[in-house]
Participant: 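Structure below; questions to follow.
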Amino acid sequence: MINKLISNIKKTNAPIVVGLDPMLNYIPEHIQKKAFADLGETLEGAAEAIWQYNKGIVDATYDLIPAVKPQIAMYEQFGIPGLVAYKKTVDYCKSKGLVVIGDIKRGDIGSTSAAYAVGHLGQVQVGSKKYAGFDEDFATVNPYLGSDGVKPFMDVCKEEKKGIFVLVKTSNPSSGEFQDQEINGRPLYELVGEKVAQWGDELMGDGYSYVGAVVGATYPEMGKVLRKIMPKTFILVPGYGAQGGKGADLVHFFNEDGLGAIVNSSRGIIAAYKQEKYKEFGAENYADASRQAVKDMIADISGALESR
Ligand SMILES: O=c1ccn([C@@H]2O[C@H](COP(=O)(O)O)[C@@H](O)[C@H]2O)c(=O)[nH]1
């Protein structure tokens with residue numbers, strides 16, 4: 001799947017991911033009204049609104065982008081109907097040729113991680129049959145429980161040719177509370193980065209590993225160091241746009257081949273029509289505003305990479 005991600009990035013010339021993180025208050029009134037008229041002000045109604053909203057954004061942007069990253073929390077808040085909308089979104093994006101990164105941030109003791117890995121990336125055995133669960137292409141993994149929490153994901157990735165992005169240095173303001181703590185003079189995120197590079201050696205695609213890393217756009221200096229520690233690791237970079245990251249901050253997350261990183265923006269794209277800059281599109285044309293925001297993001301990142 002890392003090879004498909006790279007091939008999609010080359011095809012679109014766009015090292016970006018659209019984060020599908022729908023919140024009800026981003027969803028234009030006309031979509032909510034229709035969904036509630038059909039299904040009531042229920043969890044099912046909310047899930048239908050989310051699904052229609054996502055579909056509009058995907059239809060308007062899929063030809064420009066290599067990948068999407070649905071954030072499962074945004075769907076889980078609506079219970080089972082929300083998870084149905086998550087699955088519909090995953091399947092629809094795949095049918096459009098997009099790589100789907102499930103932002104699920106799982107990781108547990110080995111046996112539980114194995115179940116998460118099967119549920120999201122693998123196939124579950126039921127009697128003599130096997131069934132795929134959510135069936136994303138990549139999943140995000142929390143490494144805090146150590147190797148036995150990550151290895152089950154790697155085993156499934158090996159079997160299914162899928163991939164993971166392991167949290168190394170997260171974009172949030174308090175990520176340093178634990179991640180920057182020094183052990184023998186080295187910050188924890190560097191030690192995790194080294195481990196990710198080692199894990200990645202076991203699961204190589206053509207040039208890059210199936211084991212990727214998450215490093216926040218909001219910490220560009222740390223990104224530069226981690227790029228060197230993990231030369232063959234693809235880095236998923238959240239924190240662009242709504243969290244303050246800009247193209248100019250991101251050049252060191254990429255390798256000299258122009259690859260090695262993929263930058264996520266969620267609110268900055270899916271709720272673009274709410275920004276002053278894209279206000280002229282209006283709520284009815286929210287998806288066109290998202291398309292323009294995608295073009296602007298690509299230009300910002302490509303411009304920064306070209307002038308480095
Ligand atoms: O370090 C991390 C890891 C994951 N995220 C996720 O990315 C998106 C960011 O959303 P924006 O609206 O573009 O800020 C969201 O799903 C986070 O859970 C992250 O931000 N930082």
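Values in this document were obtained by computation on a predicted structure and should not be read as measured data. Whatever order the structure lists ligands and atoms in, that order sets their numbers, starting from 1. Starting from 1, each residue takes its place in the sequence as its number.
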Participant: To check your reading of the model: name the closest protein heavy atom to atom 18 (O) of ligand 1, its residue, and the distance in Å.
Facilitator: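 For atom 18 (O) of ligand 1, the nearest protein heavy atom is Q71 NE2, 2.9 Å.
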
Participant: Which of the numbered atoms in ligand 1 are under 4.0 angstrom from any heavy atom belonging to T170?
Facilitator: 1 (O)

Participant: Looking at E76, I'd like to know if its CD atom is crowded, meaning that more than 12 non-hydrogen atoms belonging to other residues, nucleotides or ligands lie closer than 6.0 Å.
Facilitator: yes

Participant: Which of these passes side-chain contact (heavy atoms from CB on, under 4.5 Å) with Y92: D59, N54, V68?
Facilitator: D59

Participant: If you count the atoms of ligand 1 from 1 in the order shown, which ones are under 4.0 Å from a heavy atom of K105?
Facilitator: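 The atoms of ligand 1 under 4.0 Å from a heavy atom of K105 are 3 (C), 4 (C), 5 (N), 6 (C), 18 (O).
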
Participant: Considering non-hydrogen atoms of the protein only, which is the closest contact for atom 16 (O) of ligand 1, and what is the distance?
Facilitator: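 Protein heavy atom at minimum distance: D21 OD2, 2.5 Å.
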
Participant: Is N264 touching ligand 1 with its side chain, its backbone, both, or neither, if touching means heavy atoms under 4.0 Å apart?
Facilitator: side chain

Participant: Relative to ligand 1, is R267 under 4.0 angstrom through side chain, backbone, both or neither, heavy atoms considered?
Facilitator: both

Participant: Will you find, in the side chains of S175 and K169, an N or O donor that is under 3.5 Å from an N or O acceptor?
Facilitator: yes

Participant: Side chain or backbone of N172 under 4.0 Å from ligand 1, or both, or neither, by non-hydrogen atoms?
Facilitator: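 Under 4.0 Å from ligand 1, N172 contributes no heavy atoms.
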
Participant: Crowded around Q125 CD? As in, over 12 foreign heavy atoms under 6.0 Å?
Facilitator: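 Atom CD in Q125 is crowded, with more than 12 foreign heavy atoms closer than 6.0 Å.
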
Participant: Just wondering, are more than 12 heavy atoms of other shown residues or ligands nearer than 6.0 Å to CG in N25?
Facilitator: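 Yes, CG of N25 has more than 12 neighbouring heavy atoms, counting only those of other groups under 6.0 Å.
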
Participant: So with a 6.0 Å cut-off around OH of Y62, is the heavy-atom count from everything else above 12?
Facilitator: no

Participant: For I109, what are the other residues in its hydrophobic cluster, where any two members join if their side-chain heavy atoms are less than 4.5 angstrom apart?
Facilitator: L145

Participant: What protein heavy atom lies closest to atom 13 (O) of ligand 1? Include the residue and the distance to one decimal.
Facilitator: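 The closest one turns out to be S266 N, 2.9 Å.
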
Participant: Of the protein's non-hydrogen atoms, which lies at the shortest distance from atom 2 (C) of ligand 1, and what is that distance?
Facilitator: P238 CG, 3.4 Å

Participant: Can you find an N/O atom of K69 closer than 3.5 Å to an N/O atom of ligand 1?
Facilitator: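 Yes; at least one N/O pair falls below 3.5 Å.
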
Participant: Kindly give the heavy-atom pair with the smallest separation between I101 and T140, and that separation in Å.
Facilitator: CG2-CG2, 4.4 Å

Participant: Nearest protein heavy-atom contact for atom 20 (O) of ligand 1: which residue, which atom, what distance?
Facilitator: Q243 NE2, 2.8 Å

Participant: Could you tell me the residue and atom name of the protein heavy atom closest to atom 21 (N) of ligand 1, and the distance to it rounded to 0.1 Å?
Facilitator: S171 OG, 2.6 Å

